[in-house]
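See below for the structure under consideration.
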Amino acid sequence: MTLDELEIQCKECKKCALCEGRTNLVFGTGKKDADIMLIGEGPGEQEDLQGEPFVGRSGKLLDKFLESIDLSRDKNVYIANMVKCRPPHNRDPKPEEQDVCINWLREQFKIIRPKIIICVGRISAQKLISPYFRVTKEHGEFIEKNGVLMMGTYHPAAILRNPNNKELAYQDWLKVRDKIEEMGIVI
């Protein structure tokens with residue numbers, strides 16, 4: 001199965017109530033065989049309107065972090081979310097919504113086969129790395145799960161709310177760059 005075929009199937013999903021309020025499904029974007037995959041929590045208003053993850057103010061900040069280490073959603077990363085439909089009022093996706101939607105993400109992993117996964121924010125890090133993950137304490141630390149390196153970092157929206165964490169987040173992205181070099185990944 002290809003990502004395009006999976007997306008067509010995903011667009012038909014009605015397994016939770018989030019589908020009722022969506023304008024667009026936000027499946028994912030980027031290089032379809034990327035070695036680096038970013039996972040956010042769920043679409044916000046702008047993402048829902050445009051059908052693409054991280055396109056609002058936080059997306060612009062994420063793009064700046066990526067560009068600072070020669071990464072780009074257009075060239076060498078794939079970006080997806082824990083849930084594919086916008087939670088009402090941009091609230092956090094509920095655990096049961098994540099549980100319903102996780103199979104779509106698992107299928108994306110199987111097709112893309114990334115070597116590094118960056119959990120962008122608490123929600124994805126707690127679901128994919130550890131339910132006890134604390135961004136303020138564990139950001140920038142790589143762990144290996146099932147042969148894939150994973151790291152959690154600050155969500156750009158959290159940085160916009162608290163700019164004091166911008167430098168910490170930037171240091172995390174520098175660690176990503178160093179890990180890419182260490183692993184010999186060609187970007």
Side-chain angles (χ1 to χ4, degrees), residues 3 6-7 10 13 16 18 21-32 34-67 69 71-74 76-95 97-109 112 114 116-131 133-136 138-140 145 148-162 165-166 168-170 172-173 176:
L3 273 179
L6 184 65
E7 183 174 3
C10 190
C13 182
C16 80
L18 290 181
R22 76 175 177 224
T23 304
N24 287 295
L25 178 85
V26 182
F27 184 73
T29 189
K31 187 174 182 222
K32 295 181 180 183
D35 288 326
I36 297 97
M37 187 171 182
L38 282 62
I39 309 297
E41 57 186 45
E45 181 180 16
Q46 290 303 309
E47 290 78 9
D48 179 55
L49 292 171
Q50 297 181 42
E52 189 171 321
F54 289 98
V55 294
R57 287 179 58 227
S58 64
K60 287 180 179 30
L61 180 56
L62 179 63
D63 287 343
K64 285 182 182 178
F65 283 131
L66 291 172
E67 289 168 14
I69 60 168
L71 294 179
S72 161
R73 65 175 77 213
D74 298 323
N76 48 22
V77 300
Y78 190 87
I79 304 173
N81 281 309
M82 292 302 305
V83 297
K84 309 301 184 196
C85 301
R86 179 185 178 208
H89 310 292
N90 291 350
R91 68 160 166 75
D92 291 345
K94 294 177 182 176
E97 294 163 344
Q98 294 175 56
D99 290 344
V100 167
C101 217
I102 193 96
N103 287 327
W104 297 115
L105 188 59
R106 284 185 181 129
E107 291 302 314
Q108 286 174 299
F109 289 155
I112 298 166
I116 298 174
I117 293 173
I118 309 302
C119 295
V120 183
R122 171 184 54 87
I123 299 292
S124 60
Q126 286 181 343
K127 188 69 173 180
L128 300 175
I129 295 174
S130 165
F133 187 90
R134 298 292 172 256
V135 174
T136 55
E138 298 169 88
H139 68 92
K145 284 182 90 171
V148 177
L149 284 178
M150 302 179 97
M151 183 193 85
T153 189
Y154 290 91
H155 194 288
I159 296 168
L160 292 171
R161 287 189 301 272
N162 184 358
N165 290 328
K166 189 173 184 179
L168 293 172
Y170 179 63
D172 292 348
W173 290 104
V176 171

Give, for atom [atom1] of [X] and atom [atom2] of [Y], the distance between the pair rounded to the nearest 0.5 Å.
X	Y	atom1	atom2	answer
Ile112	Met37	CD1	CE	4.0 Å
Ser124	Leu38	OG	CG	9.0 Å
Ile39	Tyr78	CD1	OH	9.0 Å
Ile102	Met82	CD1	CE	3.5 Å
Asn165	His155	CG	NE2	14.0 Å
Ser72	Ile36	OG	CD1	11.5 Å

Show the nearest heavy-atom pair for residues [X] and [Y], with the distance to one decimal.
X	Y	result
Ala80	Leu105	CB-CD1, 4.1 Å
Pro43	Asn81	N-ND2, 3.8 Å
Val26	Glu47	CG2-O, 3.3 Å
Cys85	Leu25	SG-CD1, 4.1 Å
Gln108	Leu6	N-CD2, 3.7 Å

With a 4.5 Å heavy-atom cut-off, do [X] and [Y] have their side chains touching?
X	Y	answer
Glu45	Arg86	yes
Asp92	Pro87	no
Phe109	Ile117	yes
Leu18	Val83	yes
Cys119	Leu128	yes
Val176	Ile69	yes

*In chain order, what residues pass the side-chain hydrogen bond (donor to acceptor under 3.5 Å, both in side chains) check against Arg161, with sequence neighbours excluded?*
none
_Residues in side-chain hydrogen bond (donor to acceptor under 3.5 Å, both in side chains) contact with Asn24, at least two apart in sequence or another chain_ = none
Short question: side chain of [X], backbone of [Y] - any donor-acceptor pair under 3.5 Å?
X	Y	result
Gln126	Ile123	no
Glu138	Arg134	yes
Asp172	Thr153	no
Thr23	Asp48	no

*Kindly indicate, with the supporting measurements, whether the criterion side-chain contact (heavy atoms from CB on, under 4.5 Å) is fulfilled by Leu168 and Tyr170.*
CA-CA 5 Å; Leu168 293 172; Tyr170 179 63; over 6 Å; no
*So does Lys94 pair up with Asp99, basic N to acidic O under 4.0 Å?*
no
_Glu97 and Arg91 ion-paired at < 4.0 Å_ = yes
Could you go through residues 53-67 and list every donor-acceptor pair under 3.5 Å that involves a side-chain atom there, pairing it with any protein atom two or more places apart or in another chain?
from	atom 1	to	atom 2	distance (Å)
Asp63	OD1	Arg73	NE	3.1
Asp63	OD1	Arg73	NH2	3.1

*Taking the six-membered ring of Phe27, is the NZ or CZ of Lys84 close enough (under 6.0 Å from the centre) and on axis enough (within 45°)?*
yes
